[in-house]
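What follows is a short report on a single structure.
We count ligands from 1, going down the list as the structure has it; atoms in each ligand are counted the same way. Source: prediction; values computed, not measured. Scope of the values below: all heavy atoms of this structure, side chains included, with no hydrogens, waters or symmetry mates.
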Amino acid sequence: MTRYYSTNRSVPEVDLAEALLTGQAGDRGLFLPRTLPRMSRELLARARALSYPELAAAVLEPYAVGTFTRAALDEICADAYDYPVPLERVDGPRHVMRLDQGPTASFKDFAARFMGRALGRLTRERGRELLILTATSGDTGSAIAHAFLGVPGIRAVVLFPVHEVSDRQRRQMTTLGGNIATLALDSKFDDCQALVKQAFADPDLAGLNLTSANSINIGRLLPQSVYYIHAAARLADVAGGEKVVFSVPSGNFGDLMGGLLALRTGLPVERFIVATNANDEVPRFLETGRYEKIVPSRKCISNAMNVGHPSNLARVVDLYGGHMDELGRISEPPDLGALRRDLFGVSVGDEETRATIVEAHRRHGTLLEPHGAVGWAGLARFLERHPEHAETTAISLETAHPAKFPEEIQALIQVDPPLPPSLQGLEARSESYEPLETDYPAFKEYLLKHYR
Ligand SMILES: *Cc1c(COP(=O)(O)O)cnc(C)c1O
């Protein structure tokens with residue numbers, strides 16, 4: 001059985017089912033697999049020929065021993081990953097991987113759809129009901145809401161900062177109804193996340209069977225390692241050890257953690273470019289070795305990355321031999337040299353983000369949205385510093401569909417990005433959401449009133 005430990009190390013190890021069902025560990029740490037599987041050379045050689053769902057099931061199998069059989073994973077993945085994962089060649093060996101073809105047009109669909117199906121299966125097998133709480137800075141909420149909509153035995157409450165999400169992002173979560181409730185807060189993402197965290201720690205709510213679908217849930221990370229393997233295997237001779245560069249637009253660092261798992265399990269990666277917006281606490285940490293959260297987080301057009309203290313950073317620190325607690329205090333420093341060997345930190349402000357959208361379109365005819373543009377700009381900066389990698393295969397992640405940011409893109413390049421089918425008809429659907437004060441007692445009262 002694959003065991004999962006808490007980064008705070010004061011609770012016993014659990015199996016994947018328990019880690020999925022509880023989200024955060026009882027000591028407020030984050031779960032990580034005790035031993036990382038090793039991908040065989042044979043799997044790396046075969047990866048290019050596998051369909052995405054086949055590859056996903058093969059990659060996830062060793063993480064799920066004792067919880068899901070290979071047959072169950074085959075079924076979950078075939079159902080979850082029924083959309084394409086395009087790799088677009090932009091400029092020489094430099095590519096954009098479009099992770100925006102899922103039902104909510106963001107890369108969060110990869111994790112959310114796996115989790116929805118995995119948790120649905122577990123609740124069915126165990127006859128246990130679940131209440132999912134999630135805070136969103138834009139895209140998690142709709143991905144989670146879609147993934148859990150209509151799953152029997154599961155209800156979900158989504159908290160979002162009403163002034164930090166776009167119209168379309170809001171409509172994607174507020175037009176579903178059913179077992180999905182949405183709460184609008186007149187505050188920042190970090191405040192939404194803090195309320196959710198407090199609810200998990202509150203013994204009075206233990207009877208509600210709360211679980212998290214935020215990127216702290218290990219179920220969000222594992223599936224996010226698959227697309228790195230998919231992309232590298234299609235573009236490079238990974239079985240022969242050819243290394244690639246990835247650029248990862250980052251907020252809570254769940255996406256990056258997926259990449260680091262791929263690296264640790266044997267994917268040859270030269271470097272991960274950690275591209276943040278003006279919330280540059282991690283690039284600074286890489287540079288100086290000192291970690292300082294940004295409070296309040298800075299508001300940028302890549303709004304899903306407006307994070308002043310990434311919830312997955314404790315995992316990154318743990319993976320590199322250090323310890324960071326849930327408040328961001330480092331009691332044991334990670335191996336900074338090793339971190340710098342694997343990660344290249346870049347912070348890209350809004351002006352450079354906008355210029356990148358214009359430039360990519362003008363020079364290459366490539367349509368980027370703000371998050372993907374942060375990644376693409378990060379890759380350019382890496383190559384300026386490391387011209388020796390000009391011929392290395394590089395893959396920049398495009399994490400949302402440009403049609404989610406029509407005003408910004410229209411203003412910059414006078415293009416109206418065509419709506420993918422998943423975003424069509426949103427304006428016509430009726431919305432329902434409740435306002436909530438940024439106040440824990442009010443949130444607790446809401447939960448007890450509706451879900452006890
Ligand atoms: C969530 C999100 C990100 C950041 O991903 P993390 O895993 O939080 O680092 C980037 N782009 C988009 C579009 C997102 O929705």
For residues [X] and [Y], is any side-chain donor paired with an opposing acceptor at under 3.5 Å?
{"X": "Tyr52", "Y": "Asp82", "answer": "no"}
{"X": "Asn217", "Y": "Gln24", "answer": "no"}
{"X": "Asp318", "Y": "His323", "answer": "no"}

Checklist entry - Should the pair Asp109-Arg113 be classified as a salt bridge under the 4.0 Å nitrogen-to-oxygen rule? => result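 Arg113 and Asp109: not salt-bridged.
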Checklist entry - Any chance the rings of Phe246 and Tyr228 have centres within less than 6.0 Å? => result yes
Which N/O atoms of ligand 1 sit under 3.5 Å from a protein N/O, and at what distances?
residue  : atom   : partner : partner atom : Å
ligand 1 : 7 (O)  : Gly254  : N            : 3.0
ligand 1 : 7 (O)  : Asp255  : N            : 2.8
ligand 1 : 8 (O)  : Asn252  : N            : 2.7
ligand 1 : 9 (O)  : Gly251  : N            : 2.7
ligand 1 : 9 (O)  : Asn252  : N            : 3.2
ligand 1 : 9 (O)  : Phe253  : N            : 2.9
ligand 1 : 11 (N) : Thr399  : OG1          : 2.7
ligand 1 : 15 (O) : Lys108  : NZ           : 2.5
ligand 1 : 15 (O) : Asp139  : OD2          : 2.7

Checklist entry - Per the side chain to side chain donor-acceptor pair (under 3.5 Å) rule, which among Arg429, Lys404, His146 passes with Gln172? => result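 It is Lys404, the one option of Arg429, Lys404, His146 that forms the side chain to side chain donor-acceptor pair (under 3.5 Å) with Gln172.
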